[in-house]
2 protein chains.
Amino acid sequence: MHLELLTIGDELLLGFTVDTNGAHIARELATLGVGIVRRTSVSDDAEAITAAVREALDRTGAVITTGGLGPTADDLTRPAIAALFGRALRFDERHWERLREIWRERGRPGELPESNRVQAEVPEGADVLPNAHGTAPGLWLEDDRGRWVAMVPGVPREMRLMLAEQVIPRLRRRIPDHGAVIRSRAVRTTGVAESQLPGLLGEMARGVDGLTLAYLPSPSGVDLRLTARGLGPDAADAALERGIAKLHEAVSRYAYGRDDEDLAAVVLECCRAKGLRLALAESCTGGLLGARLTAIPRSSDVLLGGVIAYANAVKVEQLGVRPETLAAVGAVSQEVAREMATGARARLGSDIGVGITGIAGPGGAVEGKPVGHVCIAVDDRGTLRSLAGNFIGDRAEIRYRATQAALDMIRRSVEA
Amino acid sequence: MHLELLTIGDELLLGFTVDTNGAHIARELATLGVGIVRRTSVSDDAEAITAAVREALDRTGAVITTGGLGPTADDLTRPAIAALFGRALRFDERHWERLREIWRERGRPGELPESNRVQAEVPEGADVLPNAHGTAPGLWLEDDRGRWVAMVPGVPREMRLMLAEQVIPRLRRRIPDHGAVIRSRAVRTTGVAESQLPGLLGEMARGVDGLTLAYLPSPSGVDLRLTARGLGPDAADAALERGIAKLHEAVSRYAYGRDDEDLAAVVLECCRAKGLRLALAESCTGGLLGARLTAIPRSSDVLLGGVIAYANAVKVEQLGVRPETLAAVGAVSQEVAREMATGARARLGSDIGVGITGIAGPGGAVEGKPVGHVCIAVDDRGTLRSLAGNFIGDRAEIRYRATQAALDMIRRSVEA
């Protein structure tokens with residue numbers, strides 16, 4: 001089965017919103033073996049919406065739209081597509097009552113505003129797709145030739161749930177069992193340049209056993225992604241499992257995880273397995289390492305906490321960094337990173353302490369310490385390791401790369 | 001001038017890459033008054049590329065493509081579009097020499113691989129657009145009716161420079177001076193539901209003085225974006241300035257900034273203006289508030305630092321939260337948030353202390369304290385304020401909404 005995706009909203013054409021919905025929907029559908037053959041974005045304009053849906057239906061007969069279902073005047077998806085299908089909009093009293101109930105159940109103040117009434121207008125013959133996270137319901141509209149449009153909201157959280165609970169089950173019923181799927185698996189690496197990987201991979205540099213290989217560089221590192229096309233689900237899984245194992249072996253020194261595993265989650269798991277507790281001391285990353293670790297549920301059994309030591313006085317008073325060290329080598333130095341790591345470990349009573357200090361830019365560079373220069377230290381049960389790296393990118397990338405390098409240092413230390 | 005944007009790559013249709021190029025190009029072109037009327041993505045498939053370019057040329061006569069210009073077998077943009085224009089590909093010896101020189105100048109190892117020869121194949125009559133950051137040159141191809149396609153690489157860094165240095169100057173020469181522009185401005189609000197805004201805006205709910213109004217909800221709050229189309233640059237700016245001022249007045253209670261201002265930057269500026277220093281005590285947000293504040297350059301003159309007090313022992317030992325308070329009302333309580341705020345202020349010696357404690361989920365809910373329940377306190381020079389809120393969304397959204405609410409509390413306190 002092939003379909004097209006249409007994302008609707010002025011913000012997409014003005015560039016104020018990056019279209020993350022499209023990527024999410026594409027990934028979810030690929031796991032079903034449903035391929036998106038074209039993605040289109042148009043503005044909140046009835047004519048543009050109508051033309052794009054008509055063309056997509058002519059090509060594939062199957063369209064998912066996101067956006068333009070809200071209660072305000074710029075929400076035109078529902079009337080435009082109803083008109084294209086020649087269906088009148090009918091105010092649905094029962095549906096309106098349900099929207100009002102949901103509003104009350106969620107403990108929102110007062111009554112659902114009358115401005116939301118338009119959301120209870122349903123095209124004749126349409127299925128209403130309930131929205132568990134918002135007031136804008138989705139719609140499924142089908143013509144007598146079996147051509148259909150599924151309309152889901154543009155708000156990512158609402159879209160994701162409706163896709164999973166309403167749209168995908170309907171698609172499953174339309175596709176034959178054990179058809180070919182499109183599946184991908186990845187080995188995640190960090191601390192190695194993209195251009196070094198083909199050398200490490202040798203004959204696998206272009207693909208493994210008929211699976212295509214893509215190199216995906218990002219501030220996390222480089223992901224090596226294998227994709228199987230045209231195989232049934234079991235054959236695809238088996239081929240990918242074998243391929244991923246081969247790739248992993250070739251780059252094992254730099255591989256920290258698979259698929260969409262986050263290095264923060266890998267580190268928490270490594271520490272948890274050995275019963276080790278973690279404490280942080282962050283200067284240039286200012287809490288970003290803590291934020292990454294605590295983004296993972298149940299991080300509290302490993303992470304005790306940390307100190308955001310942005311000012312030098314906080315480094316001295318809260319972490320015990322020696323003023324003489326600061327005076328002698330400066331705050332951005334391996335020595336200070338080491339005293340921060342040891343201080344965090346001692347003050348918070350953890351097994352492992354991590355210290356990060358650096359120059360995130362855009363200002364602050366000094367002789368011998370350019371923007372991107374970051375010192376990281378790990379005190380793992382009394383064994384101190386440190387490094388100084390020069391990370392590339394803007395302030396956000398430098399900070400992210402610094403947390404990634406710190407996490408990888410913890411991983412290597414705990415796994416050593 | 002209107003044009004269409006075509007982004008090319010299997011990655012985009014499999015959903016492994018979020019299309020950030022589209023948003024960047026749209027924003028850059030809007031400042032010239034060049035509107036993108038449709039965005040399309042197709043896979044690395046010659047037929048799909050040809051069809052999409054042909055249709056876009058028929059609609060607007062002007063297309064920018066990204067991607068598919070590399071040296072590998074899946075890079076089909078150049079031959080597909082050359083064939084559509086009826087132009088032969090010619091190997092350009094001088095261009096090949098230049099590519100080899102660039103390779104050497106950049107200190108790359110060895111010689112430019114022969115596999116890159118295809119990048120020196122230029123369609124007859126095409127302009128080559130040099131690539132300062134990579135080996136894939138761009139191309140500008142135009143037919144005898146003045147219809148054109150600009151092909152730029154898909155790697156964001158290469159695309160951005162080529163757009164700025166090669167494509168935009170060519171577009172400028174094609175549009176009349178002081179022509180109409182597309183400009184937008186926004187009022188950013190937080191702490192108010194999207195559906196409450198039309199009531200506050202009254203007659204402006206659909207637009208202001210001919211400017212279109214869009215409601216853009218996100219975990220930051222709801223942005224109200226006004227867009228001017230068809231006016232010259234000065235008239236557009238003046239109309240937007242008036243419109244934004246009217247909107248701001250109507251929602252002033254909830255408005256914290258304009259355009260793409262980050263509330264963290266607004267708070268730093270408020271504190272800086274009054275010479276106030278800030279210290280943080282974060283439990284459920286685990287460093288995210290610190291990360292947001294330190295993401296802003298020069299935050300160090302306001303933010304001293306903070307304590308990530310994830311474990312209760314850290315709350316007690318590093319912040320002075322009383323064990324009796326923890327025992328009596330639990331860690332997720334306004335009382336503990338208040339003691340955290342006061343503790344951060346006292347221990348780090350700041351003017352303002354902020355405490356955040358809550359249940360980010362997915363687990364951890366208790367009677368009367370559901371997932372999303374977060375307590376926030378601000379101690380502003382000895383004056384304590386606190387609140388308890390129930391934030392919606394997944395773990396990431398709840399945490400982000402909590403930092404946004406904490407920042408808004410600081411802003412209101414400092415501005416009071």
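Every heavy atom of this structure was used, including side-chain atoms; hydrogens, water molecules and symmetry mates were not.
- For the pair B:Leu304 and A:Gln318, the minimum side-chain heavy-atom distance is 4.5 Å or more.
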Item checked: Derivation and outcome, side-chain contact (heavy atoms from CB on, under 4.5 Å), residues A:Arg229 and B:Leu14 -> CA-CA 11 Å; A:Arg229 287 183 178 79; B:Leu14 287 167; 3.2 Å; yes

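- In this structure, the portions of B:Ala214 lying under 4.5 Å from any heavy atom of chain A include both its backbone and its side chain.
- Using a 4.5 Å cut-off between heavy atoms, B:Leu29 does not touch chain A at all.
- B:Ile36 touches chain A through backbone and side chain together, each having a heavy atom under 4.5 Å away.
- Both the backbone and the side chain of A:Ala52 have a heavy atom closer than 4.5 Å to some heavy atom of chain B.
- Salt-bridge formation is not detected for the pair B:Asp394/A:Arg160: no Lys NZ or Arg NE/NH1/NH2 atom is positioned less than 4.0 Å from an Asp or Glu carboxylate oxygen.
- In this structure, chain B has heavy atoms under 4.5 Å from both the backbone and the side chain of A:Arg347.
- The part of A:Glu55 that comes within reach of chain B is its side chain, from C-beta onward, which places non-hydrogen atoms under 4.5 angstrom from that chain.
- Chain B forms more heavy-atom pairs under 4.5 Å with one residue of A:Leu13, A:Asp44, A:Thr227 than with any other, namely A:Leu13.
- Between chain B and the residues A:Gly306, A:Gly154, A:Ser184, the largest count of heavy-atom pairs under 4.5 Å involves A:Gly306.
- Ranked by non-hydrogen atom pairs under 4.5 Å with chain B, the options A:Ile182, A:Val314, A:Thr40, A:Asn21 are led by A:Thr40.
- In this structure, chain B has heavy atoms under 4.5 Å from both the backbone and the side chain of A:Asp10.
- Most heavy-atom pairs under 4.5 Å with chain B: of the set A:Gly286, A:Ala360, A:Ser218, this distinction falls to A:Gly286.
- In this structure, B:His24 and A:Val18 have side chains that are not in contact, with every pair of non-hydrogen atoms separated by 4.5 Å or more.
- Only the backbone of A:Thr17 has a heavy atom closer than 4.5 Å to any heavy atom of chain B.
- Atom CG of B:Leu278 sits about 12.5 Å away from atom OH of A:Tyr310, to the nearest 0.5 Å.
- Ranked by heavy-atom pairs under 4.5 Å with chain A, the first of B:Arg298, B:Arg206, B:Lys315 is B:Arg206.
- Side-chain contact between A:Arg39 and B:Val42: absent, with no pair of heavy atoms (C-beta onward) separated by less than 4.5 Å.
- In terms of heavy atoms, B:Ala291 sits closest to A:Gly287 at CB-C, 4.0 Å.
- Interface summary for chain B: among A:Ala311, A:Gly290, A:Ser41, the most heavy-atom pairs under 4.5 angstrom belong to A:Ser41.
- For chain B, no part of A:Ile8 is nearby; none of its heavy atoms comes within less than 4.5 Å.
- In terms of heavy-atom pairs under 4.5 angstrom with chain A, the leader among B:Gly393, B:Ala396, B:Ser283 is B:Gly393.
- A donor-acceptor pair is defined here as one N or O able to donate and one able to accept, closer than 3.5 Å; such a pair exists between the side chain of A:Arg395 and the backbone of B:Ala295.
- Heavy atoms closer than 4.5 Å to chain B are found in both the backbone and the side chain of A:Ser300.
- Contact annotation for A:Pro297: both backbone and side-chain heavy atoms come within less than 4.5 Å of a heavy atom of chain B.
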Next item on the list: Evaluate the criterion side-chain contact (heavy atoms from CB on, under 4.5 Å) for residue pair B:Ile308 and A:Glu282; output intermediate values, then yes/no.
Entry: CA-CA 10 Å; B:Ile308 300 171; A:Glu282 301 190 58; 4.0 Å; yes

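- In this structure A:Val37 satisfies the side chain to side chain contact (heavy atoms under 4.5 Å, CB included) test together with A:His2, A:Glu4, A:Thr60, sequence neighbours excluded.
- The most heavy-atom pairs under 4.5 Å with chain B, out of A:Glu28, A:Glu11, A:Glu317, come from A:Glu11.
- Using a 4.5 Å cut-off between heavy atoms, B:Ile296 touches chain A through its backbone atoms (N, CA, C, O) alone.
- For B:Arg399, the salt bridge (charged side-chain N to carboxylate O under 4.0 Å, His left out) criterion is met by no residue, not counting sequence neighbours.
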